[in-house]
Engineer: 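Handing you a structure now.
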Amino acid sequence: MDITGLSDPYVKVYLMLNGQRIAKKKTHVKKRTLNPVFNESFQFDLPANEDLQNLSLEFLVFDWDRMTKNEVIGHLEVGTAVPGSPEASHWNEVMNCPRKQIAEWHRLKD
């Protein structure tokens, strides 16, 4: 957050394979807002012969800043890493319904 009390957020989305980042996408910066809406979609090329069970998506939300280093606001990983978590249940739904868009809200972690 800057001195005006607002933020310039954007999101980096990483495709993870067994905990390693293998691809990255980025949203546009939403200027001067504390309640951004990122209505963007991304497509990743999946590694050959890989099951979704070994893949996950990591979301890092940043506050863009012209003068200093961009600050991480929060992060989230959607995958099967934590069984029983809302993120794992969302990922299981994705695996059971391939090629279907499945929207769900998640809380960011610090």
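Hydrogens, waters and symmetry mates are skipped; everything else that's a heavy atom, side chains included, is used.
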Engineer: Going from CZ on Phe42 to NZ on Lys24, what distance comes out if it is rounded to the nearest 0.5 angstrom?
Structural biologist: 11.5 Å
Engineer: Quick one: list whatever passes salt bridge (charged side-chain N to carboxylate O under 4.0 Å, His left out) with Lys100, sequence neighbours left out.
Structural biologist: none
Engineer: Between the side chains of Glu87 and Lys109, is the shortest nitrogen-to-carboxylate-oxygen separation below 4.0 Å, so that they form an ion pair?
Structural biologist: yes
Engineer: So, is the end of the Lys12 side chain (NZ or CZ) under 6.0 Å from the ring centre of Phe59 and within 45° of the ring's axis?
Structural biologist: no
Engineer: Within this structure, what is the CD-CG distance for the pair Glu50 and Leu55, rounded to the nearest 0.5 Å?
Structural biologist: 6.0 Å
Engineer: Could you measure the distance from the CG atom of Asp110 to the CD1 atom of Ile73? Nearest 0.5 Å is fine.
Structural biologist: 11.0 Å
Engineer: Validate the cation-pi geometry between Lys30 and Trp64: distance from NZ or CZ to the six-membered ring centre under 6.0 Å, angle to the ring axis within 45°.
Structural biologist: no
Engineer: Which atom names give the shortest non-hydrogen contact between Ala88 and Pro83, and what distance separates them?
Structural biologist: CB-CA, 4.3 Å
Engineer: Mind checking whether Leu76 and Ile22 sit in one hydrophobic cluster, side chains of I, L, V, M, F, W, Y counted as touching below 4.5 Å?
Structural biologist: yes
Engineer: Ring pair (Phe, Tyr, Trp, His ring centres under 6.0 Å) with Tyr14: which residues, sequence neighbours excluded?
Structural biologist: none
Engineer: Could you tell me whether the side chains of Asn70 and Tyr10 share a donor-acceptor contact shorter than 3.5 Å?
Structural biologist: yes
Engineer: Consider only side-chain heavy atoms of I, L, V, M, F, W and Y, link residues closer than 4.5 Å, and tell whether Val72 and Val78 are in one cluster.
Structural biologist: no
Engineer: Is there side-chain contact between Leu17 and Pro47, with at least one heavy-atom pair below 4.5 Å?
Structural biologist: yes
Engineer: Whether the Ser89 and Asn92 side chains hold a donor-acceptor pair (N or O, under 3.5 Å, no angle test) is what I'd like checked.
Structural biologist: no
Engineer: Working to the nearest 0.5 angstrom, can you tell me the gap between Leu57 CG and His90 NE2?
Structural biologist: 9.5 Å
